[in-house]
Structure formats: C-alpha cells, structure tokens
Amino acid sequence: MTESITTERAVVDQAAEELLERPGPAATETPAARRRNPLQVVGRILAAIVVRYWPIIAMLIAWPVWLWANGYSRAVAPGPLDVATDLVQHPDVYLLPVLWTALFAIGGLLLGMLVGIVLGVLVWMSPLVSGLLLPSALILRVVPVTAMIPILAALFGYGSGTVVVMVVILVFFPAFSLTVSGMSSVSQSSRDLFAVLGSGLAARVFRLHLPAAIPSIMLALRISAPVGILGVLLAEYLLSGVGLGDLLRTAGERLEYEREWAAALVATVLSVICFGLARTAERRVVDRVT
Amino acid sequence: MSSVLQQASVTAPSTGSTREIALTGVAKTYPLKRGASVTALAGIDLEIADGEFVALLGPSGCGKSTVLRIVAGLEQPSTGTVSVGGASPQALSKAHRLGVAFQEHSLLPWLTVRQNITLPYKVAGRPVDTAHVRELIDLVGLGGFEDARPKHLSGGMRQRASIARALVLDPDVLLLDEPFGALDAVTRRRMNKELARIWAELRITTLLVTHDVDEAVLLADRVVVMTGRPGRIRHIEGIDLPLREHTELTRSPEFHEIVDRLTGMLETTKAA
Ligand SMILES: Nc1ncnc2c1ncn2[C@@H]1O[C@H](COP(=O)(O)OP(=O)(O)OP(=O)(O)O)[C@@H](O)[C@H]1O
Ligand SMILES: [Mg+2]
C-alpha cells in the first residue's frame with residue numbers, strides 16, 4: 001500500500017517522460033536526409049525548441065498582451081521587461097537568496113533521501129521495524145506539511161532547522177517506499193547466487209539488495225528534487241528570514257512587484273535546474289548499475 | 001581408477017570422506033495453480049563419491065536443474081533425503097565450500113568481471129587472493145575484459161565469468177548447470193580441457209548438467225542419463241577411458257562407442 005502510493009506517482013512520471021521522449025514522425029528520417037546545410041540545422045533546432053517550450057513562449061507573449069488589455073499599470077502588475085530589468089540591475093539582491101534556497105533544498109533533499117533509504121533498509125530487513133514505523137510514516141505522508149508548521153516551529157524554531165525538517169518530511173517518503181520496493185525486486189537467480197555463496201544478512205543487504213535498489217532510489221531523487229525546492233520556498237515564505245521564499249514575501253509586502261515576480265521566476269528556474277540535474281544523475285547512475 | 005570410484009560410490013558409507021553427495025529416494029513436486037501440481041522428479045537415488053565427477057544427461061525439462069538445485073540446497077525434496085558430506089546442503093554453502101555456475105549466468109550487472117569473480121571472497125569475508133583471481137580470469141580466457149561489465153559481454157563470456165566465480169574459492173563441491181551452453185564448439189572444447197585439467201588437479205566433487213554427450217563422456221567418471229515426466233534415472237554409465245586429458249581421446253573408437261550408445265539412449269528417451 002505504501003509502495004503503491006509512490007509507485008503510482010513514479011509510473012505517472014515515467015509515462016509522461018516516455019511520452020516526451022517518444023520519437024516523432026520526423027525521427028524516422030534516415031541520417032543521410034538529416035545532413036543538410038547549416039541554415040536548415042538551425043531551423044530544425046529552433047523548431048524543436050518551439051515544439052517543446054511553446055507554453056513558455058506563449059506566456060511571454062500573452063503576458064504583456066494581458067496587461068495592456070486590462071489596462072494594468074506597472075504598479076499593479078509588472079511586464080516581462082520590468083522583471084528582466086530588475087534582475088539585471090540588482091543581481092546582488094537575488095544571489096544570496098538563491099544560494100540559501102539551493103543550499104537548504106540540496107541539504108534537505110540529501111538528508112531526506114538518507115532518512116528514507118535507512119528506514120527502507122530497516123523495514124525491508126525486519127517485519128517488526130516495519131510494523132513499528134509504517135503507520136507513523138504514513139501519517140507523516142498524509143498530514144499536509146503546512147499543518148505541521150506550528151508544531152515543527154515549536155520544536156525546531158523559526159529558522160533554518162525547521163526549513164530542513166520540512167524538506168526532509170516531504171522528501172523521505174518516496175525514497176523510503178522506492179527503496180523497499182527496489183530491494184524486493186531482486187531476481188530469483190541473484191537470490192540463489194547469494195544463498196549458495198552462504199551469504200549473511202549484511203552481505204545480502206549491502207552487496208545485493210541495496211545495489212539492486214539504486215535505480216529506484218535514483219527515481220525517488222528525481223521525483224523529490226522539485227518537491228524539495230517547493231518545501232524550502234514554502235518554509236522560507238512562512239518562517240525564516242532568508243532565501244527566495246523570504247524575498248518573495250518581503251517584496252510582496254513592500255509592493256515591489258517586479259522583484260516579487262522576478263523572485264518567482266528565479267525560483268522556477270532553480271526548480272527546473274534541480275530536476276534536470278537529478279534526471280541527469282539518474283540516467284548516469286542507472287546506466288552504471290544495470 | 002574411475003571404476004574404483006564407481007564402486008566406492010555404490011558402497012561408500014557416509015563416514016570418512018567429507019565431500020560425497022547422496023540423494024536417497026528423492027522426489028520433487030511443484031505446486032501449480034488451482035491445486036494442480038507437476039512432478040519434476042520421482043525416486044532419484046544417486047550417490048556421488050568424494051572427488052567424483054558425474055555428468056547428468058537428459059532431454060529438456062526432465063528435471064536436471066531440479067536435481068542440481070536440490071543438491072545446492074535451493075529446493076527441498078518433497079520426499080527423500082539429500083546430504084552433502086553427511087550434512088545438509090545448506091551447511092556446505094554456509095561454510096562457503098560450494099561452487100555453483102547456474103544455467104542463467106546471474107552475474108551482478110553493477111560489478112565488473114573482476115569484481116563479480118571476487119564476490120565470493122567478499123561474501124565469505126575473506127581476503128581476496130588477487131593472483132588466484134588473475135589466474136582464473138586467464139584460464140577462462142577473459143584477460144583484457146576484467147573491467148568490462150556483464151552487459152558489454154557476450155553470452156558465452158558471461159558464462160565463462162560465472163564458471164570462474166564458481167571456482168574462485170576452491171570449493172569442495174562444484175555444481176555446473178549447462179555452463180558451456182552458449183559457447184561455440186571450439187571454445188567449448190578448450191574450456192572442457194581446462195576444466196579437465198583443473199579437475200585432475202583438485203578432484204572437486206562435481207555434478208555437471210549438460211546436453212553435450214561428448215562433453216559428458218570426455219569429462220565425467222560416470223554419466224547419468226535421465227528420462228522425463230516425471231524425472232527418473234534411466235541409466236548410469238561408468239566411463240573408464242585412459243588418458244582423459246589427451247587430445248586423441250575424442251578420436252578413439254572406445255570413446256565413440258560410448259557416445260553413440262548414450263546418444264541413442266537419449267533419442268529413444270525423447271521419442272518415448
Ligand atoms: N519453480 C518451479 N515451479 C513449477 N514447476 C517447475 C519449477 N521448476 C521446474 N519446474 C518443472 O520441473 C520440470 C523440470 O525442470 P528442470 O528445470 O529441472 O528441467 P531441466 O532438465 O533442467 O531442463 P533444461 O534442460 O531445459 O534446462 C519441468 O517440467 C518444469 O516445468
Ligand atoms: Mg535446466
């Protein structure tokens with residue numbers, strides 16, 4: 001049951017990505033037909049960008065059109081140019097918050113993954129631990145993390161501690177359940193091998209089941225990377241005095257809309273980068289272990 | 001000499017030597033869906049003496065792998081008993097004295113060839129004898145591929161790596177399930193000769209499952225022919241040929257007489 005929750009999500013993710021990477025009709029062309037002049041190559045690349053990222057392009061066009069149609073002034077909502085100007089003119093305002101947010105996200109992500117993997121190994125090894133841990137893990141999974149903030153803040157203070165804990169809570173569950181299912185997915189012939197080698201439990205865990213779970217664990221990392229950023233932003237917005245979340249809130253309070261929108265944009269880019277890095281890491285590692 | 005072993009295997013008491021294998025009245029029934037079941041083995045009595053090499057021949061699906069898995073302690077017989085060196089098969093594997101090359105190679109995909117071959121040391125918690133590993137890699141002809149990973153090897157190369165892994169701890173008992181199945185005829189004969197050479201040196205108690213009658217006659221002291229549905233022993237042939245490691249052996253008339261007879265037996269088995 002615990003496995004199915006995360007696995008469902010992983011399956012949806014996987015399906016979306018396979019859809020994305022499915023070769024289109026153009027891919028059936030022969031390599032010879034592809035080798036044309038440079039202008040055509042550039043055209044192809046541009047076309048690919050448009051096909052992939054058209055929502056972003058559409059948004060960049062619709063944004064000023066929407067402002068103009070409603071007659072909004074800069075004081076109500078900034079245009080793309082205003083946002084870009086503030087980013088270029090005051091990079092120092094964004095730099096430190098980006099670093100804080102990235103630091104918390106990566107730290108929380110790694111810590112959450114570690115917690116999830118360790119719990120997963122313990123639960124896989126022992127039905128007793130499984131009985132003790134599963135209910136609480138499920139509760140942590142089900143309670144909205146924002147509802148936990150008062151308790152967390154009372155326990156860990158209104159600062160970075162709580163930010164990290166929130167990310168850990170958001171991130172550990174996929175790592176946990178995918179570790180368990182990955183460890184259980186070992187083939188019968190590998191189990192037989194370790195049986196005839198006279199393997200003890202420790203060697204079975206660390207030389208067979210845990211390495212076999214690495215693809216699942218990397219999948220958990222990819223699922224969790226954007227969630228980690230989300231968790232940090234939320235916690236910073238609500239609690240701490242640092243990071244992009246804090247910048248978002250203070251800019252909003254001061255009615256600095258260019259800054260607020262720019263902070264949102266930077267946060268989005270950061271999240272996309274995190275996801276991209278996690279995906280690259282996943283591909284590399286999975287290629288190495290399968 | 002093999003006739004002596006043969007006789008010993010018939011009368012051998014289970015005391016004294018520590019590496020003999022004994023299957024007594026072994027039957028194996030696998031449960032299927034809806035209460036049905038399949039009888040893979042029925043009434044198998046087989047004793048393999050300490051240091052004896054026995055080959056198992058028989059049509060596909062007759063239960064050869066099942067015999068091997070029972071001796072390896074991976075399956076419990078439904079009835080009957082199995083003992084290795086007077087103890088349970090599990091005791092042997094717990095002592096890290098069992099070497100097995102499975103029908104599927106079962107190399108770990110995240111380890112290189114060398115790491116796969118050294119795995120038994122790691123699992124046993126013993127220091128790795130790098131010189132010995134080196135020797136075995138050369139022996140199975142995988143020199144130059146030590147750092148390749150299984151997915152970059154051919155099927156035959158994977159099988160050879162898993163044979164090296166089965167031998168690496170100098171086991172007391174060696175179980176080989178069609179270890180040369182994916183090899184070309186030339187490589188197969190070369191591996192046969194290497195195995196014969198190692199075996200002449202170490203005298204490991206060995207059970208080899210094969211479809212290749214030549215291979216069985218070439219390597220084994222005794223060849224066991226099985227029939228299927230349910231798996232039974234049809235015939236046991238004691239091989240008493242001189243100069244086992246000699247190249248000329250395969251051309252001798254005695255060799256061919258045995259091979260032809262066993263092949264004929266297999267053909268009628270299949271027809272039945
Ligand atoms: N785990 C299992 N569950 C159910 N039936 C099984 C199982 N393993 C083997 N059998 C059955 O037992 C019989 C013998 O199988 P086995 O693998 O021992 O044959 P084999 O002689 O090794 O064949 P081959 O030469 O093709 O490898 C077969 O009929 C097979 O269907
Ligand atoms: Mg078989």
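Quick note on labels: first sequence line is chain A, next is B, and so on, each numbered from 1.
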If you take all heavy atoms of [X] and [Y], which pair is closest and at what distance?
| X | Y | value |
| --- | --- | --- |
| Arg149(B) | Arg288(A) | NH1-O, 2.5 Å |
| Pro211(A) | Trp110(B) | CB-CE2, 3.2 Å |
| Arg207(A) | Val123(B) | CD-CG2, 4.3 Å |
| Ser190(A) | Leu108(B) | OG-CD2, 4.1 Å |

In terms of heavy-atom proximity below 4.5 Å to chain B, should [X] be classed as side chain, backbone, both, or neither?
| X | value |
| --- | --- |
| Ala202(A) | neither |
| Leu208(A) | both |
| Phe194(A) | side chain |

Interatomic distance, [X] atom [atom1] to [Y] atom [atom2] [nearest 0.5 angstrom]:
| X | Y | atom1 | atom2 | value |
| --- | --- | --- | --- | --- |
| Ser199(A) | Lys94(B) | OG | NZ | 6.5 Å |
| Gln188(A) | Leu74(B) | CD | CG | 8.0 Å |
| Leu197(A) | Ser93(B) | CG | OG | 9.0 Å |

Quick one, [X] and [Y] - any side-chain contact, counting heavy atoms below 4.5 Å?
| X | Y | value |
| --- | --- | --- |
| Lys151(B) | Asp287(A) | yes |
| Phe102(B) | Ser189(A) | no |
| Leu119(B) | Leu193(A) | yes |

>> At a 4.5 Å cut-off on heavy atoms, which part of Ala124(B) comes close to chain A: side chain, backbone, both, or neither?
In response: neither
> With a cut-off of 6.0 Å (strictly less than), are more than 12 heavy atoms of other residues, nucleotides or ligands near CZ of Arg126(B)?
Replying inline: yes
> Does a sphere of radius 6.0 Å around CH2 in Trp124(A) hold more than 12 heavy atoms from other residues, nucleotides or ligands, not counting ones at 6.0 Å or beyond?
Replying inline: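 Counting other residues, nucleotides and ligands, CH2 of Trp124(A) exceeds 12 neighbours.
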